[in-house]
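Worksheet: the structure to be examined is printed underneath.
These figures come from a predicted structure and were not determined experimentally. Quick note on labels: first sequence line is chain A, next is B, and so on, each numbered from 1.
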Amino acid sequence: MTEPLLEVENVDITYRMDSEDVHAVTNASFEIGANEYFGLVGESGCGKSTLAKSVIKGLDSNGEVSAGTIRYKGREIQDLSEKEYNKEIRWKEISVIPQAAMNSLNPLAKLSDQAIEIANVHTDWSAEKSVDRLKELFDIVGLPESRVTDYPHQFSGGMKQRAIIAMSLLLNPSLIIADEPTTALDVIMQDQFLKHIDGLRDERDLALLLITHDIAVVFETCDSMAVMHGGQIAEKGTTKEIFSTPRHPYTILLQQSFPDARHPDRELEVIEGSPPALREEVDYCTFASRCPWAEQECQESLPPIESMNGNDSHAVSCFRSDEMESLASEHLNTIGRPQANAIENEGYEDDD
Amino acid sequence: MTTNNETEPILELRNVEKHFEQSTNIAETLRQTFFGEGAQEPVRAVDGVNLELAENQVHGIIGESGCGKSTLLLTLMGEHEPTGGEILYNGQPISEFDKADWKALRRKIQVIFQDPFNTMNPHFTVRETLKEPFKIHGIETDEEELLDMLETVRLTPAEEYIDRRESQLSGGEKQRVSIARALILEPDVVLADEPVSMLDVSTQASILKLLSELTEEYDVAMFYVSHDLSTVSYVCDEVNVMYLGRIVESAPTRKILSDPKHPYTQALINAIPVPDPFHDRSWTELDGTPGDPQNLPSGCRFKDRCPERMDVCDQQPAFEVHDEETTHQVACHLYDEQPVGDSPIGVNKTGVSES
């Protein structure tokens with residue numbers, strides 16, 4: 001991998017509340033390379049959206065990056081002013097597909113006018129150029145070019161989604177951040193959306209940061225991923241590594257709690273309890289209170305994130321990660337999964 | 001659980017229809033009355049649904065948004081009056097029920113809603129929430145019963161939970177309280193409207209487990225409405241797939257997951273993301289969204305999106321049994337045994353769909 005596109009390094013994010021602070025993210029680090037599709041997974045409240053918002057300067061006014069750096073193309077962006085960020089990065093370098101994407105178009109303006117406005121704020125493009133560009137993108141996402149002058153209400157739900165994808169690509173960004181883009185959708189609509197997102201890989205140089213609670217979507221769409229719990233990155237690696245050799249207890253249990261339509265009879269794992277409220281400085285593993293294998297040490301200090309088996313990409317934040325394979329063996333064996341060294345066997349398919 | 005076809009169904013839907021008239025203002029109504037202009041086509045949200053729910057059975061009703069599954073549920077709850085067909089409770093048509101019958105029925109049919117975050121009165125403690133059904137039906141209760149119920153839905157220690165308010169519960173705990181509230185009057189039937197779709201995955205698993213255990217333990221039958229086929233195997237005995245107001249396929253859960261017949265069911269199953277990066281699933285071939293229930297095409301309602309479309313699809317496919325043993329039924333011309341041209345003997349021959 002060449003120089004990463006986005007580097008998040010040891011980031012802490014704190015929300016100031018009336019009486020106390022909430023330490024929403026603690027010591028989070030990950031990297032996204034150019035053209036890489038990266039998934040950030042975790043349950044609600046784990047800090048995944050907060051982390052993504054910090055990258056786009058979208059934190060609520062009481063939230064701030066209290067430690068660490070966020071670099072985009074090698075440049076630190078966490079301290080940029082709103083104005084600088086707008087001028088140099090927003091839309092042009094990093095654009096966003098919001099949650100409830102279908103409802104995020106302006107209902108009172110034609111799509112072409114919305115594109116002109118965006119380009120007008122961020123570039124010196126002529127109106128003509130902006131509309132031409134939108135037409136090109138409509139073509140890529142499979143919408144008729146003639147419809148760029150429609151209003152959003154003239155589109156069906158699926159078309160709105162595609163229009164949003166087209167819009168996010170308007171100023172040719174290198175990174176798209178999609179925050180739970182499919183959560184409100186039915187399976188078929190979700191699949192149509194992911195199909196188009198996946199199709200973009202071939203069309204252009206684009207990296208994606210996909211935030212979701214749905215580990216299945218990440219496994220299917222992304223190259224690499226990070227799993228978050230209680231504001232900490234529990235484990236990160238390529239999707240194949242995380243799938244085949246998960247070494248953080250949360251990742252292991254999370255995977256097992258996910259229904260797989262191919263194995264309707266598999267027992268679902270239940271993760272008891274809920275993450276801590278994070279009101280004090282976090283100097284412990286936030287999963288310890290829910291972890292079946294936690295020890296004294298886990299409550300007392302923050303586990304460092306260490307790479308596994310000298311492997312560059314795969315890293316785990318757990319004191320017992322080396323023992324996990326035997327400790328969690330009964331949880332690991334319930335799916336007939338190929339081991340990491342059998343990865344070249346691409347023809348793997350389940351006979352369901 | 002064994003399927004017992006001999007027992008009388010506890011809840012039976014016969015050709016149930018719920019159409020919504022479109023005239024919304026008085027001018028339009030007057031114009032239609034006096035000038036005889038045709039009324040707008042009604043929205044056919046539920047259009048000829050036949051279902052039988054036997055004691056102890058859990059039936060899934062699966063489909064995309066707009067397929068009519070929620071309208072169907074509201075109709076069963078008595079929120080909507082069906083515009084056609086009949087709903088029978090223990091063999092009695094509920095259209096003939098008087099007020100007292102309805103009250104008794106409301107005790108026997110309980111609901112679990114989709115959104116656990118807005119279904120509890122925020123001023124109520126858990127105790128008050130659970131007492132409310134007793135109050136409504138004028139039944140005496142004691143603390144012991146409420147605590148037992150909380151234990152049953154695994155909110156332990158119950159003494160600690162009983163005084164909490166809505167704001168002191170997590171999403172999963174709220175849904176457990178909803179389940180407790182639904183079961184506390186020992187109903188015959190529970191209607192569950194996407195009970196896990198708003199919960200986190202780890203919580204989702206525990207609620208699914210709880211639901212399937214409790215339906216057995218409490219001898220209660222359930223309609224489980226969802227858009228997600230990946231969770232049905234944990235709860236349902238049978239699955240009915242609904243598309244634009246009609247059931248298009250129905251079969252035991254294992255059967256439908258392993259051998260879906262209708263192209264729509266196949267698409268629904270294929271579109272479920274597989275949690276496995278080694279698995280190469282093909283993206284969905286379906287385009288667009290379900291049509292407009294106000295302007296339904298004649299014949300098969302899925303034909304405009306169907307990858308297998310044939311000429312015969314302009315005729316309405318019959319809902320026929322394709323496997324006697326498992327009562328696997330499907331409404332699709334791909335499985336026509338009769339030669340094309342024979343009038344298919346449909347369950348819905350009222351002609352409403354042939355507009």
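- For the side-chain contact (heavy atoms from CB on, under 4.5 Å) with Ile61(B), the qualifying choice from Asp193(B), Leu72(B), Val241(B), Val239(B) is Leu72(B), the only one to do so.
- Using a 4.5 Å cut-off between heavy atoms, Gln190(A) touches chain B through its side chain atoms alone.
- Looking at Leu253(A), neither its backbone nor its side chain comes within 4.5 Å of chain B, counting heavy atoms on both sides.
- With a 4.5 Å cut-off on non-hydrogen atoms, Ser44(A) touches chain B through its backbone and its side chain both.
- Considering only heavy-atom pairs separated by less than 4.5 Å from chain A, the leading option among Gln204(B), Glu285(B), Lys209(B), Met198(B) is Lys209(B).
- Classification of the Phe223(B)-His59(B) ring pair by plane angle, with boundaries at 30° and 60°, yields perpendicular.
- The residue among Asp265(A), Ile271(A), Leu254(A), Asp214(A) with the most heavy atom pairs within less than 4.5 Å of chain B is Asp265(A).
- Because its NZ or CZ atom is not both nearer than 6.0 Å to the ring centre of Phe155(A) and within 45° of the ring axis, Arg147(A) does not count as a cation-pi partner of that residue.
- Nearest heavy atom pair, residue Pro122(B) against residue Glu166(B), reads CB-OE1, 3.9 Å.
- Screening Leu51(A), Thr286(A), Val41(A), Ile211(A) for a side-chain contact (heavy atoms from CB on, under 4.5 Å) with Met228(A), the sole residue that qualifies is Leu51(A).
- Atom CZ of Phe38(A) sits about 6.0 Å away from atom OG of Ser224(A), to the nearest 0.5 Å.
- Contact count against chain B (heavy-atom pairs under 4.5 Å) is highest for Glu220(A) among Met159(A), Glu220(A), Glu43(A).
- Heavy-atom distances place both the backbone and the side chain of Ser206(B) under 4.5 Å from chain A.
- No side-chain donor-acceptor contact under 3.5 Å links His196(A) and Gln161(A).
- Contact annotation for Leu229(B): neither backbone nor side-chain heavy atoms come within less than 4.5 Å of a heavy atom of chain A.
- Looking at Arg305(B), the atoms closer than 4.5 Å to chain A (heavy atoms on both sides) all sit in the side chain, from C-beta outward.
- Proximity to chain A is limited to the side chain of Leu208(B), based on heavy atoms less than 4.5 angstrom apart.
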